[in-house]
Amino acid sequence: EGITALVVATLSWRFIEQPFRQAKTPIPSARVFRVAALCACAPVIAGLVFLLFDGIPSRFTPRAVSVASYITHGETAQRYRTGTCFLTSDYTFSAFRKDTCLHQTRGAENVLVFGDSHAAHLESGLTAVFPAVNFLQATAAGCKPVLWEPFRRPDECIQLVNYVLRDFLPSSNVKVVILGGHWRDGDDAEIEETVRRIQSLGMTPILMGPIPEYDSALPRLLALSIQTSHPELPGQHREQNLVALDRKLAFLSEHRWHIKYFSFADALCPDGRCREYATPLVPLQEDATHLTGAGSRLVAEILKQDSVLD
């Protein structure tokens, strides 16, 4: 890199700076400043044009624009029940509506959806596909459903997890707890502690594995693949390091913890190529990892088909 920089600097000095300094007819300073000002303004003007015209979507086909529109869709906050049952850094634990989010229905199966945003994105689909089940929700951003992590977690997360595991569940009528998290290698010891605690209460934990993840928002990748007629593009941007983690958690769930495990990899990528659309026109995910509303419903339908909640 240093050599490349030296070569570029030398060429710039020889063919740009020297001819300018040694010009037989000096260029008036006013003209130099006018040209420099024009060059500086050009990118700003171009940026304003793209901003005013929403990126000039006419550059893309209508289908590409439609698919790209699902990037962090506007109804996400409503689906997650942000500010009541899903806490972000904008809210303290006091905003968590226990009466709404943890309301139990007598005579119905009470199932708790517990974890971070990877639990929250499941709730809308579960509620739509399992109308006879009463789903409770205790979720917070960046808050895996474990009592301890090796880094500092937000206060609202610590309070939520402690309340659910130590105060709420022991006195509840919950039968099943769905655990969703943005899992990473090394989480298994903390997951096991949560699983054992839930089992000790006579409840059934269900562990949701890691979802297929991309290095960019899936709708963006799909729009580019449509525009460039390159259908393999999204798959080339899928993270591959989660496959081993999925297999590890599946093995531990079956042979050590003896609990049900839902593998997104098995459900969505049976032949190594992952499903990218929830419906023919709606992407499965709204960003690199989170389900769209249609994606949430699709996953819930697979859970029902596989009798995971039974």
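Inter-residue side-chain proximity for F168 and K98 is flagged as unmet; no heavy-atom pair is nearer than 4.5 Å. Annotation: side chain of K304 is not in contact with side chain of L309 (no heavy-atom distance under 4.5 Å). Residues S172 and M203 form a side-chain contact, since some pair of their non-hydrogen atoms from C-beta on lies under 4.5 Å apart. Within the 4.5 Å cutoff, the side chain of L169 has no heavy atoms near those of the F114 side chain. The closest side-chain heavy-atom distance from L102 to V174 is not below 4.5 Å. Residues V129 and R297 form a side-chain contact, since some pair of their non-hydrogen atoms from C-beta on lies under 4.5 Å apart. Counting heavy atoms from C-beta outward, Y277 and L222 have side chains that approach closer than 4.5 Å. Residues S216 and H237 are not in side-chain contact: their nearest non-hydrogen atoms beyond the backbone lie 4.5 Å or more apart.
Among all heavy-atom pairs drawn from P145 and T194, the shortest one is O-OG1, 2.8 Å. Closest of all the heavy-atom pairs between A119 and G180 is CB-O, 3.8 Å.
The CZ atom of F264 sits 4.5 Å away from atom CD1 of I211, with the distance rounded to the nearest 0.5 Å. Of the inter-residue distances, the one linking Y214 atom OH with R238 atom CZ reads 5.5 Å to the nearest 0.5 angstrom. Atoms CG and CG, from D155 and L160 in turn, are 12.5 Å apart once rounded to the nearest 0.5 Å. The CG atom of L112 sits 10.5 Å away from atom CD of E123, with the distance rounded to the nearest 0.5 Å. Atom CG of residue L221 and atom CD1 of residue I226 lie 11.0 Å apart, to the nearest 0.5 angstrom.
Taking the six-membered ring where tryptophan is involved, the planes of H121 and H290 are perpendicular, since the angle between them exceeds 60° and thus also 30°. Using the six-membered ring where Trp is involved, H255 and F251 have ring planes that are tilted, between 30° and 60° apart. Note: Y80 and F86 have perpendicular aromatic rings, judged against thresholds of 30 and 60 degrees for the angle between ring planes.
A salt bridge links R184 and E213; the closest N-O separation between the charged side-chain nitrogens and carboxylate oxygens is under 4.0 Å. Between D266 and R247 there is a salt bridge, since at least one side-chain N of the basic residue sits less than 4.0 Å from a carboxylate O of the acidic one.
Checked by atom type and distance alone, the side chain of T139 never pairs as donor or acceptor with a backbone atom of G115 at under 3.5 Å. Distance alone, capped at 3.5 Å, places no donor-acceptor pair between the S296 side chain and the L126 backbone. No side-chain donor-acceptor contact under 3.5 Å links Q159 to the backbone of T92. In this structure a side-chain-to-backbone donor-acceptor pair under 3.5 Å is present from R275 to A278. When atom types are taken as modelled, the side chain of N162 and the backbone of I158 share a donor-acceptor pair closer than 3.5 angstrom. Formation of a donor-acceptor pair under 3.5 Å by the D306 side chain with backbone atoms of V308 is not found in this model. Panel note: side chain Q199, backbone W257; a donor-acceptor pair is recorded below 3.5 Å. In this structure, D188 contributes its side chain and L249 its backbone to no donor-acceptor pair below 3.5 Å. Under the 3.5 Å distance criterion, the side-chain polar atoms of S69 are matched with a main-chain donor or acceptor of S66. Looking only at distances, a side-chain donor or acceptor of Q104 sits under 3.5 Å from a matching main-chain atom of N173.
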- E190 vs W148, side-chain hydrogen bond (donor to acceptor under 3.5 Å, both in side chains): CA-CA, chis, key distance, verdict: CA-CA 7 Å; E190 287 72 40; W148 180 86; over 6 Å; no
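In E239, the CD atom is crowded: over 12 heavy atoms of neighbouring residues, nucleotides or ligands sit closer than 6.0 Å. Atom NZ of K248 has more than 12 heavy atoms from other residues, nucleotides or ligands within 6.0 Å.
Put simply, the residue from I206, V177, I259 that forms a side chain to side chain contact (heavy atoms under 4.5 Å, CB included) with I198 is V177.
Every residue meeting the side-chain contact (heavy atoms from CB on, under 4.5 Å) condition with T204, not counting sequence neighbours, appears here in chain and number order: V176.
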